[in-house]
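Heavy-atom basis, side chains included; hydrogens, waters and symmetry copies ignored.
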Amino acid sequence: MFPVQLLVEDPRARTTPNRQKNKTTSSDDNMAADEILKYDDDDDSEILRPDDLSEYLTAGTKEAHDRAENSPFAKDFLRGRIKRELFKLGTAALYYVYSALEEEIERNKDHPMFAPVYFPSELHRLEALAKDLEYLYGSDWKNQISCSAATRPYVERIHHVGQHEPDLLAAHSWTRYMGDLSGGQILKKVAQRALKLPPTGEGVQFYHFEAIHKPAAFKRLYRSRMNELEVDAETKERLVAEANLAFKFNLEVFEELQEIGKGIKEEVQDIGFPAHGDMGGDISKCPYYAAKMAVSGNTMYVRQLTKTLLSHTTAQVLLATWIAAVTGLAAWYLM
């Protein structure tokens with residue numbers, strides 16, 4: 001789903017890295033095993049400075065982050081109030097955003113203002129999003145989705161930055177990927193529970209980073225690489241402004257989805273019993289009326305209620321469970 005996130009990680013929940021100042025180039029397609037070990041989960045030996053770029057971005061985007069995180073759509077999602085159609089539309093929006101972002105990342109992978117944070121194997125999401133869309137829409141998913149009105153300006157801005165202001169691309173990468181690694185893991189569980197998605201991950205592959213085994217350690221490594229970027233005071237301010245713009249685009253997508261959701265009926269669980277209107281005018285066939293009459297002692301309705309209950313799978317399971325429980329209790333009592 002469109003990350004309701006923690007769009008970027010919560011600075012209060014984070015520990016700090018033992019940063020090594022190593023200049024990295026785009027030839028590092030995957031982070032070396034010995035490098036990630038320097039940023040193990042228990043490593044908190046160095047305090048980040050307020051003027052470090054990662055800290056500067058976090059402080060400079062706090063208000064925008066809070067607005068996005070506290071939007072009605074974000075709150076509803078975290079409470080499990082998410083409609084399947086909105087989840088599908090949100091996933092489609094993410095697909096267009098990441099298509100633009102990862103296209104521009106590849107274009108600028110050797111740029112000195114992006115090369116240190118180039119982690120395609122670990123971070124890129126486009127393939128995972130394609131799998132999710134195929135699960136949600138079917139094999140013809142590409143012909144069923146479109147870039148929404150709120151998503152389009154976000155996509156256009158990413159392309160503009162990548163092609164004309166590549167020194168700002170790291171702001172978009174930081175905003176998206178760090179949020180995906182943080183709050184995204186919570187959202188995955190919420191979506192699986194609320195939408196009854198398979199526990200094997202279908203529909204939420206976006207949130208699964210197969211090549212990252214220690215998210216906290218990787219985030220520390222990523223921050224340290226951000227802090228290696230050679231930026232002057234003016235560029236820092238421009239990066240903060242760009243990150244705030246990214247949050248604004250995210251919020252606009254949330255608001256669009258919230259508005260669309262108003263026109264979608266709540267999805268009601270069907271427990272398997274027919275409604276009164278489906279009885280063809282014969283109230284004696286209604287399970288609720290039969291239950292009422294059975295309690296009053298009318299044996300005909302006892303038979304009717306039993307027949308009605310046993311014709312529905314849900315009731316069969318409940319009855320079998322009840323019988324098993326009674327049998328087990330009796331066995332325990334007679335031991």
Side-chain angles (χ1 to χ4, degrees), residues 1-10 61-101 125-126 128-130 132-133 135-137 141-142 144-159 171-172 174-197 202-207 241-269:
M1 175 47 153
F2 213 89
V4 174
Q5 275 135 279
L6 312 179
L7 279 161
V8 294
E9 59 191 327
D10 185 345
T61 59
K62 185 180 185 304
E63 288 185 13
H65 171 276
D66 290 347
R67 279 196 298 273
E69 193 174 273
N70 290 300
S71 66
F73 178 79
K75 286 184 174 180
D76 281 348
F77 191 104
L78 288 168
R79 291 169 182 157
R81 299 174 186 167
I82 180 66
K83 298 164 185 173
R84 191 178 186 89
E85 189 59 32
L86 285 187
F87 185 80
K88 290 166 66 176
L89 292 172
T91 304
L94 282 173
Y95 177 80
Y96 288 105
V97 170
Y98 280 91
S99 292
L101 180 59
R125 301 287 82 210
L126 202 56
L129 282 164
D132 288 341
L133 289 168
Y135 174 80
L136 294 168
Y137 284 95
W141 63 270
K142 284 188 178 180
Q144 297 186 55
I145 67 171
S146 60
C147 190
S148 73
T151 308
R152 199 172 301 116
Y154 192 3
V155 168
E156 290 171 353
R157 179 61 188 176
I158 291 171
H159 281 308
H172 287 278
W174 173 80
T175 302
R176 290 248 49 96
Y177 292 122
M178 290 301 95
D180 300 335
L181 278 169
S182 301
Q185 302 314 299
I186 298 170
L187 298 178
K188 175 183 177 180
K189 292 181 176 132
V190 171
Q192 284 178 315
R193 183 170 60 250
L195 301 175
K196 295 181 172 53
L197 297 173
E202 288 87 345
V204 286
Q205 288 295 315
F206 168 75
Y207 300 110
E242 193 65 30
N244 275 313
L245 188 57
F247 277 113
K248 176 178 174 288
F249 285 132
N250 277 289
L251 182 57
E252 287 171 355
V253 174
F254 292 167
E255 290 171 346
E256 179 185 58
L257 290 170
Q258 184 75 11
E259 193 62 29
I260 292 172
K262 292 177 182 178
I264 300 175
K265 291 183 179 180
E266 291 287 347
E267 295 167 4
V268 181
Q269 280 292 111

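A search for side chain to side chain donor-acceptor pair (under 3.5 Å) contacts involving Glu202 returns Thr200, not counting sequence neighbours. Judged as a side-chain contact (heavy atoms from CB on, under 4.5 Å), and not counting sequence neighbours, the contacts of Arg67 are Glu63, Ala64, Leu251. Considering only residues two or more places apart in sequence or on other chains, Lys248 meets the salt bridge (Lys or Arg N to Asp or Glu O under 4.0 Å) condition with Glu252. With sequence neighbours left out, the salt bridge (Lys or Arg N to Asp or Glu O under 4.0 Å) criterion links Lys142 to no other residue. Annotation: salt bridge (Lys or Arg N to Asp or Glu O under 4.0 Å) contacts of Glu259 (sequence neighbours excluded): Lys262. Here Glu256 pairs with nothing under the salt bridge (Lys or Arg N to Asp or Glu O under 4.0 Å) rule; sequence neighbours left out. Here Ala246 pairs with Tyr154, His172, Thr175 under the side-chain contact (heavy atoms from CB on, under 4.5 Å) rule; sequence neighbours left out. Residues passing the side-chain contact (heavy atoms from CB on, under 4.5 Å) test with Gln192, sequence neighbours excluded: Lys188, Leu197, Val204.
What you find for Phe87 and Ala191 is that their closest heavy atoms are CE1-CB, 3.7 Å. Of all non-hydrogen atoms in Ala74 and Ala68, the two that sit nearest each other are CB-O, 3.5 Å.
Using a 4.5 Å cut-off on side-chain heavy atoms (C-beta onward), Leu187 and Leu78 make contact. Residues Trp141 and Thr91 are not in side-chain contact: their nearest non-hydrogen atoms beyond the backbone lie 4.5 Å or more apart.
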